[in-house]
Amino acid sequence: MMLTPNHHFRDIERKPEYLQPEKCSPPPFPGPAGTMWFIRDGCGIACAIVTWFLVLYAEFVVLFVMLIPSRDYVYSIINGIVFNLLAFLALASHCRAMLTDPGAVPKGNATKEFIESLQLKPGQVVYKCPKCCSIKPDRAHHCSVCKRCIRKMDHHCPWVNNCVGENNQKYFVLFTMYIALISLHALIMVGFHFLHCFEEDWTKCSSFSPPTTVILLILLCFEALLFLIFTSVMFGTQVHSICTDETGIEQLKKEERRWAKKTKWMNMKAVFGHPFSLGWASPFATPDQGKADPYQYVV
């Protein structure tokens with residue numbers, strides 16, 4: 001691991017014991033290459049399971065209550081393809097956001113030997129985290145759930161059981177966008193299905209009994225409306241945060257800007273990758289972080 005020459009350091013810990021590198025144990029041995037990132041948090045795991053359950057419930061109602069029983073095959077095929085594609089992209093984005101290292105700073109590297117190896121200039125100080133005993137770059141914050149310092153940490157989201165940070169913000173934004181789209185799509189289809197059932201016999205518009213059909217549709221309508229509002233707000237908040245190049249924690253703490261100001265388009269490319277392409281909308285395309293930010297840790 002090394003730091004780029006232009007990287008700035010800061011030291012805000014005032015307690016003497018925190019500034020003693022001897023207090024830190026040597027860095028742990030790195031895990032095997034390709035080790036999957038996963039946070040073992042009970043609440044986060046439960047929220048992630050609930051997220052998948054709700055998406056699969058919507059899938060069940062859309063397919064088996066509305067589309068398959070429909071006699072309009074063109075309507076069923078088109079809406080089935082669109083809804084399933086969006087649901088697949090939403091769940092894929094969720095997996096990438098949950099299983100991608102958000103930008104964790106290595107633990108235990110605030111040792112005397114490592115600090116000496118940095119060859120700091122006279123008067124130059126480093127910011128050491130007393131909780132995970134690591135040297136942090138600017139804009140990194142400690143997450144009490146992940147128990148790590150995260151670069152450009154925006155917030156910890158239990159719904160993806162992970163922090164939203166430098167390396168996985170793209171996937172979180174895509175997750176909120178695709179969930180909002182399938183929620184809107186489900187609401188529109190529920191509205192059309194209710195109109196269709198009112199015009200015709202309820203026993204012919206679904207393979208389930210009328211009371212069961214109504215209950216399933218109302219539950220889906222409530223779920224879709226709730227998720228549409230929540231994810232739309234989150235999507236808008238994230239896009240605004242990216243454009244202003246200011247994380248949620250930095251906005252909340254009103255931290256003084258110490259980093260260079262860039263255009264909104266450059267900030268978008270820093271998160272979604274260079275150059276602009278269809279890969280921006282794909283959870284399978286990994287953005288090129290190296291070209292986006294020259295002031296990051298290089299592991």
Is the backbone N or O of [Y] less than 3.5 Å from a side-chain atom of [X], with the two atoms forming a donor-acceptor pair by type?
X	Y	value
T100	P102	no
H94	W159	yes
S183	L225	no
R148	H142	no
E250	T247	yes
D41	N161	no
T212	F208	no
N168	G165	yes
S232	I229	no
D154	G248	yes

Should [X] and [Y] be counted in the same cluster of Ile, Leu, Val, Met, Phe, Trp and Tyr side chains packed under 4.5 Å apart?
X	Y	result
F222	V214	no
F53	L86	yes
L219	F64	yes
I182	M66	yes
L56	M189	no

Q.
Is there a side-chain contact (heavy atoms from CB on, under 4.5 Å) between M268 and W280? Walk through the geometry before answering.
A. CA-CA 10 Å; M268 291 292 288; W280 280 29; 4.0 Å; yes
Could you state the interatomic distance from [atom1] ([X]) to [atom2] ([Y]), rounded to the nearest 0.5 Å?
X	Y	atom1	atom2	answer
T244	K261	OG1	NZ	9.5 Å
L184	L187	CG	CG	6.5 Å
N267	E246	CG	CD	11.0 Å
E223	L226	CD	CG	8.5 Å
L220	L216	CG	CG	9.0 Å
L63	I68	CG	CD1	5.5 Å

Q: Would you please test V164 and Q238 for side-chain contact (heavy atoms from CB on, under 4.5 Å) and show each step?
A: CA-CA 10 Å; V164 177; Q238 286 296 302; 4.0 Å; yes
Heavy-atom distance under 4.5 Å between the side chains of [X] and [Y], does that happen here?
X	Y	answer
L217	V61	yes
F272	S282	no
L91	Y178	no

Atom [atom1] of residue position [X] - does it have more than 12 heavy atoms of other residues, nucleotides or ligands inside 6.0 Å?
X	atom1	value
Y75	OH	yes
L195	CG	yes
Y73	OH	no
Y57	OH	yes

So which heavy atom on [X] is nearest to which on [Y], and how close?
X	Y	value
Y171	A97	CB-N, 3.6 Å
H141	K136	CA-NZ, 4.1 Å
A180	L228	O-CD1, 3.4 Å
C149	S134	SG-OG, 3.7 Å
P283	L174	N-CD1, 3.8 Å
K264	C243	CG-O, 3.7 Å

**Q.** Stepwise side-chain hydrogen bond (donor to acceptor under 3.5 Å, both in side chains) test for N162 and W37
**A.** CA-CA 9 Å; N162 201 1; W37 174 274; 3.1 Å; yes
Q. Should D245 and K152 be marked as a side-chain contact (heavy atoms from CB on, under 4.5 Å) after you check the CA-CA gap, both sets of side-chain angles, and the distance that decides it?
A. CA-CA 10 Å; D245 193 20; K152 291 184 70 174; 3.5 Å; yes
**Q.** Donor-acceptor side-chain pairing of R71 and S76 below 3.5 angstrom
**A.** no
(Q) Quiz question: by atom type and distance under 3.5 Å, do the side chains of N79 and H185 form a donor-acceptor pair? (A) yes
Q | Check against side-chain contact (heavy atoms from CB on, under 4.5 Å), C143 and M153 | A | CA-CA 8 Å; C143 174; M153 175 181 169; 3.8 Å; yes
Q | salt bridge (Lys or Arg N to Asp or Glu O under 4.0 Å) between E166 and R151, worked out | A | CA-CA 6 Å; E166 183 178 75; R151 297 191 299 268; 2.7 Å; yes
(Q) Is the distance from the ring center of F235 to that of H240 below 6.0 Å? (A) no
(Q) With side-chain contact (heavy atoms from CB on, under 4.5 Å) as the test, pick out the partner of P287 among Q169, K170, H274. (A)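 The single option meeting the side-chain contact (heavy atoms from CB on, under 4.5 Å) with P287 is K170.
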